[in-house]
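Everything below concerns the one structure shown next.
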Amino acid sequence: MSDHDAAECKVLAIVTNYGVEQDELVVPLDHLRGWGAQVDVAAVTRDSVETLVGDKEPGRTLEPDLTLDEADPDGYDLLLVPGGTLNADTLRMQSSACRIVRAFSAAGRPVAAICHGPWVLVEAGVIPGKRLTSYASLQTDIRNAGGDWTDQPVVTDESGGWKLITSRNPDDLEPFVREIDAALAVPGLPGL
């Protein structure tokens with residue numbers, strides 16, 4: 001991406017309706033919307049999205065903008081895949097979520113996944129040869145799927161014709177969001 005006006009940037013976040021790690025969705029969402037990007041949240045259904053804190057405590061509830069089945073990946077500049085164990089485990093079983101991930105990678109558009117979010121990338125079959133990070137418990141799944149797992153706060157890999165941004169957990173949100181901003185290449189973006 002180059003020389004976008006912030007208001008022209010469109011980001012798609014894909015989630016399930018229960019179990020998304022609150023800050024892994026809300027922090028990037030609020031940050032991106034704060035500088036004028038359009039961020040649409042696509043969930044399995046149009047029911048409310050109930051987030052969790054630490055995979056167990058109730059978090060914020062959000063309303064999705066559309067369903068995964070309704071989402072057209074061609075209309076977006078970046079895909080955001082937040083974690084949460086329950087969210088990611090359920091999301092990777094949604095064929096429409098895998099379709100969206102494959103469409104972004106095939107079109108050469110960036111994908112940003114944090115914590116357990118890379119499980120969807122594994123299921124979609126898009127990580128062979130990619131270097132990435134995640135919540136530590138996913139490292140065997142990632143390696144078995146052909147990815148090169150590393151333990152770092154944020155990893156950006158541009159191999160294979162598309163950019164993949166990954167982080168380990170909510171503690172890594174600052175560098176994760178900074179890399180999302182860089183991927184969108186909007187001049188003069190405010191920091192997190």
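We number each residue from 1, following the sequence as shown.
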Legend entry - Sidechain-backbone polar pair: Asp23 side chain, Pro170 backbone, donor-acceptor under 3.5 Å: no
Legend entry - Test item: Thr16 side-chain N/O and Tyr18 main-chain N/O as donor-acceptor pair under 3.5 Å: yes
Legend entry - Donor-acceptor pair, side chain of Glu24 and main chain of Asn169, under 3.5 angstrom: no
Legend entry - Any donor-acceptor N/O pair, Arg99 side chain to Pro73 backbone, under 3.5 Å: no
Inset, instruction - Show the numbers, then the answer: is there a side chain to side chain contact (heavy atoms under 4.5 Å, CB included) between Glu50 and Val20? - result: CA-CA 7 Å; Glu50 298 177 42; Val20 180; over 6 Å; no
Legend entry - Gln152 versus Arg131, closest heavy-atom pair with distance: NE2-NH2, 3.3 Å
Inset, instruction - Mind checking the CZ-SG spacing from Arg33 to Cys9? Nearest 0.5 Å is all I need. - result: 14.0 Å
Legend entry - Spacing of Glu179 atom CD and Ile165 atom CD1 [to the nearest 0.5 Å]: 6.0 Å
Legend entry - Main-chain N/O of Thr150 paired with Thr133 side-chain donor or acceptor, under 3.5 Å: yes
Legend entry - Sub-4.5 Å side-chain heavy-atom contact between Thr90 and Asn17: no
Legend entry - Val11 side chain near Leu184 side chain, heavy-atom distance below 4.5 Å: yes
Legend entry - Glu63 side-chain N/O to Val49 backbone N/O, donor-acceptor pair under 3.5 Å: no
Legend entry - Atom pair CG/CZ of Asp77 and Arg109 - distance to nearest 0.5 Å: 7.5 Å
Legend entry - Exercise: identify the closest heavy-atom pair between Gly19 and Asp55: O-OD1, 4.4 Å
Inset, instruction - To the nearest 0.5 Å, tell me how far Ile114 CD1 sits from Glu21 CD. - result: 9.0 Å
Legend entry - In one Ile/Leu/Val/Met/Phe/Trp/Tyr side-chain cluster, 4.5 Å: Tyr76, Trp162: yes
Inset, instruction - Determine whether Leu66 and Leu79 fall in the same hydrophobic cluster, where Ile, Leu, Val, Met, Phe, Trp and Tyr are linked whenever their side-chain heavy atoms lie under 4.5 Å apart. - result: yes
Legend entry - Val101 versus Ala124, closest heavy-atom pair with distance: CG1-CB, 3.7 Å
Inset, instruction - Could you go through the salt bridge (charged side-chain N to carboxylate O under 4.0 Å, His left out) check for Asp65 and Lys10 one step at a time? - result: CA-CA 13 Å; Asp65 300 290; Lys10 292 181 70 178; over 6 Å; no
Legend entry - Identified side chain to side chain contact (heavy atoms under 4.5 Å, CB included) counterpart of Val111 within the set Leu121, Leu80, Val120, Ile100: Leu121
Legend entry - Short N-O contact, Asp157 and Lys130, less than 4.0 angstrom: yes
Legend entry - Shared hydrophobic cluster, Ile180 / Val81 (ILVMFWY, side-chain heavy atoms < 4.5 Å): no
Legend entry - Closest heavy-atom pair and its distance - Leu132, Pro118: CD1-CB, 4.0 Å
Legend entry - Any donor-acceptor pair under 3.5 Å from Gln139 side chain to Ala136 backbone: yes
Inset, instruction - Evaluate the criterion side chain to side chain contact (heavy atoms under 4.5 Å, CB included) for residue pair Asp181 and Leu32; output intermediate values, then yes/no. - result: CA-CA 8 Å; Asp181 286 350; Leu32 293 165; 4.0 Å; yes
Legend entry - Side-chain donor or acceptor of Asn87 paired with backbone N/O of Pro82 under 3.5 Å: yes
Inset, instruction - Starting at CD of Glu123, measure out to CG of Asp141 and round the result to the nearest 0.5 Å. - result: 10.0 Å
Inset, instruction - Indicate if Val44 and Leu52 have the same hydrophobic cluster label, given that clusters are the connected sets of ILVMFWY residues with side-chain heavy-atom separations under 4.5 angstrom. - result: no
Inset, instruction - Locate the shortest heavy-atom distance separating Leu29 from Val41; write the atom from each residue and the value. - result: CD1-CG2, 3.6 Å
Inset, instruction - Could you pull out the closest heavy-atom pair between Asp69 and Ser96, with the gap in Å? - result: OD1-CB, 3.2 Å
Inset, instruction - Could you check if a side-chain atom of Ile142 sits within less than 4.5 angstrom of a side-chain atom of Val122, using non-hydrogen atoms only? - result: yes
Inset, instruction - Using atom types as modelled and distance alone, determine if a side-chain donor or acceptor of Asp172 lies under 3.5 Å from a backbone N or O of Ser167. - result: no
Inset, instruction - Would you mind listing every ring-ring contact (aromatic ring centres under 6.0 Å, His included) that reaches into residues 91-139, with sequence neighbours excluded? - result: His116-Trp119, His116-Tyr135
Inset, instruction - Taking Thr51 for its side chain and Arg60 for its backbone only, find out whether a donor-acceptor pair lies under 3.5 Å. - result: yes
Legend entry - Spacing of Ser159 atom OG and Leu164 atom CG [to the nearest 0.5 Å]: 8.5 Å
Inset, instruction - Give a yes or no on whether Ile14 and Val27 share a hydrophobic cluster (residues Ile, Leu, Val, Met, Phe, Trp, Tyr; joining criterion: side-chain heavy atoms under 4.5 Å apart). - result: no
